[in-house]
Structure formats: structure tokens, C-alpha cells
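Residue numbers start at 1 and run along the sequence shown. For ligands, and for the atoms within them, numbers begin at 1 and follow the listed sequence.
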Amino acid sequence: HEAEAHRTDLMTLTRHVLNEQTKHAESRGDFSILLSHIVLGCKFVCSSVNKAGLAHLIGLAGDTNVQGEEQKKLDVLSNEVFIKALVSSGRTCILVSEEDEEATFVDPSLRGKYCVVFDPLDGSSNIDCGVSIGTIFGIYVVKDKDNISLEDVLQPGKDMLAAGYCMYGSSCNLVLSTGSGVNGFTLDPSLGEFILTHPDIKIPKRGKVYSVNEGNAKNWDGPTAKFVEKCKYPQDGSPPKSLRYIGSMVADVHRTLLYGGIFMYPADKKSPNGKLRVLYEVFPMSFLIEQAGGQAFTGKQRALDLVPTKIHQRSPIFLGSYDDVEEIKAFYAAEDGQA
Ligand code: P6P
């Protein structure tokens, strides 16, 4: 009977967020409306990614994005869809996209109170070989929507109202936190609805996996090198950790969130601030990992305490199971102690 009830009592993302909103007496459904437009973007990208090869969407769009990377058609398409959906929602005032050098300031006639920072299609270099890719987003509330400035999106990650990602893989999974835990939803294509499939996700306290691009090992700093060495050759008789690195942040973080372990994109001699972007990669993923009971560290401080000064700023990141991140923090503390 329980199963029957479950099958007919569909907990959709919309319903779940409305339930959450009841906790905020002052809300007038604005957040639910904003989220429904983000979800629209995700559904579009999911549909496009699934038929990319067929629709000849694969291949370079010819121009390059602000990162100087070859921009693929799906990147261009996804970014346009999200920008248009977010502006038309009438609930946003500033948008920061990985694909656009400048922030988008929404026309006053359509302005709302939310700022959205997002990477419309992260891991895009993996599109052609079918590896899971994703959309990553974070949401800030603007201080004064009649007096907005870039300062409104140069805020520490701990001030985000919500964060999430949508992974386009064997199924389409949307993982979201609005500040009171993490919930996972799976798209039911027959309904076009995201259904709650992973309620109240908690990351294991310790994991058996480390996730890093070992190809950068020769450029790592001491603490990272020592930590990875410990993963591979533990001195306490414990078994070595497994290495899992997909090279698509959404996929690597999703695995870390569900199975535990540590995901790292360290600084190295070539890139002193690492590779991943603070606003729309590091912050949203750190927010989710902390909400699930894990930790996120930059090598110097708690990731969510970082105060960005540029919208495309990078930071090193070590995130995942609480105990695993605690270990690498000890290696950095030891180095500071010697400094
Ligand atoms: P590397 C993908 O291009 C991306 O931005 C993230 O999704 C991923 O975690 C990282 O870069 C992979 O970088 O240098 O290991 O190929």
C-alpha cells in the first residue's frame, strides 16, 4: 500500500520547494517562480544534450568564450536559453555566466530580487564523447534591487540563498539546497517533472576515493603532494584509496556527494589559483557539500568564506567527506606551521 501511495503521491520539485517556502512566511512564491525558470533551462539542455549527436549540435561554434576555450554549439545554446529564461522570469536583477565576460544587468522593467551565477554547461569538453556534463548555479538575494551593482554578486559563498546543479548523464539529476539540507530529483521524461528520488542527502563522513587530475602532479605544492602520497601509500596499514577522476566537475562532485571521498582541483605552479571558478563552480558545490555534512577548503580557508573581487576569479578547491578534507587541512596547517 505504501508503494501505491508513493506512486500516486508525486513529490515533484515544484511541490517540494513550495513546502520549503511555507517556512518563509514573507515569501510570495518569488523563489518558486525563479526556480521554475532554472528548471526550464535544465530541461531544455537535457533534451538538447540527449540528441546533440543527432541534431548536429556537436562541433565547434567557431568562436571562443571568455575563457579562451573553443566554444561548442551546445554551450552557446545553453547560455542563451538560461539568460532568456532567467530574464523573462521577472525575478532576477544580475546574471553572471561562465560564457559571458560581463555580468548581465536585467532591465529595470523586468528586475527582481535574485542574482544568479551559473555555468550553463560545465565540462563541455566532454560533450563529444558522451561523458556526463552539467549546469551549476548559485543564487544570492540582492541588497537593494533599486540600487544594484557588481558588489551584489561579489559576496562570499556563505551568503548564497541556494545552490544546485543538474547533471546530464544516464538520467537527468537535479541536486538542490536552499540552506536546510540537500535533496536530489530525477527527471521523469514522461511527465517532464523532476521527482524527489534522493531526500536529505548526507555525504559519508569518510570515503575511499580521491579525485584529482594526477597529470598535474609535477606542479603540485607540498601539502597536496603529501596528501595524495598518503592516499596511495598509507603508512597506517589501511588500504590505498581508489582514484576516480571523470574530468567533469558535476559528475565528480555528484559521485563524491553520494559515495563520499575527496574531490580536488589544487593550485599548481602553472595556475596559482587552480582552474575552477569561484562564483559558479566552487561556491555552489561547496555550499551543497557543507549542507550535506562535508567540508570545502581552498588550501587557505573555508571556501564559502572567500570574498571574490572578480566575477571569473578562480580558486583551488578541496571538497568532500568531512574527515578526508580535515586530513588535507592538517597538511596545509603543518606547512603554515613551518612557514
Ligand atoms: P582538467 C571541465 O572543463 C572543468 O571545468 C570541470 O568541469 C572539471 O572538473 C575540470 O575542468 C577538469 O579540468 O584540467 O582536469 O581537465
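In terms of N/O distances under 3.5 Å, ligand 1 is not approached by S124. Checking only distances, S248 never comes within under 3.5 Å of ligand 1, N or O to N or O. An N or O contact shorter than 3.5 Å is missing between F263 and ligand 1 by distance. Looking at N216 next to ligand 1, no N or O pair under 3.5 Å apart turns up.
If you number the atoms of ligand 1 from 1 as listed, the ones under 4.0 Å from a heavy atom of E281 come out as 5 (O). Against a heavy-atom cut-off of under 4.0 Å, G123 is close to the following atoms of ligand 1: 2 (C), 7 (O). Near N213, the atoms of ligand 1 lying under 4.0 angstrom from a non-hydrogen atom of the residue are 1 (P), 14 (O), 15 (O). Set against the non-hydrogen atoms of D122, the atoms of ligand 1 under 4.0 Å away are 5 (O), 6 (C), 7 (O). Under a 4.0 Å criterion applied to the non-hydrogen atoms of G247, ligand 1 contributes the atoms 2 (C), 8 (C), 12 (C). Ligand 1 places these atoms under 4.0 Å from at least one heavy atom of Y245: 1 (P), 12 (C), 13 (O), 15 (O). Near M249, with a cut-off below 4.0 Å to any heavy atom, the atoms of ligand 1 are 6 (C), 7 (O), 8 (C), 9 (O).
Proximity of a side-chain donor or acceptor of S177 to a complementary backbone N or O of G179 within less than 3.5 Å is detected.
For F82 and H37, the distance between ring centers is not under 6.0 angstrom. Between F137 and Y165, the ring center distance fails the sub-6.0 Å criterion. With ring centers used as reference points, F318 lies 6.0 Å or more from F263.
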| task | Step by step, work out the salt bridge (Lys or Arg N to Asp or Glu O under 4.0 Å) result for E327 and K230. | result | CA-CA 10 Å; E327 273 187 36; K230 183 172 184 294; 3.0 Å; yes
| field | Pair R244-D252, salt bridge (Lys or Arg N to Asp or Glu O under 4.0 Å): steps then yes or no | value | CA-CA 8 Å; R244 291 284 183 276; D252 279 317; over 6 Å; no
| side chain to side chain contact (heavy atoms under 4.5 Å, CB included) between E98 and D122: does it pass, once the steps are laid out? | CA-CA 9 Å; E98 197 257 4; D122 183 82; 6.0 Å; no
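Using a cutoff of 4.0 Å between basic side-chain nitrogens and carboxylate oxygens, E281 and R314 are not scored as salt-bridged.
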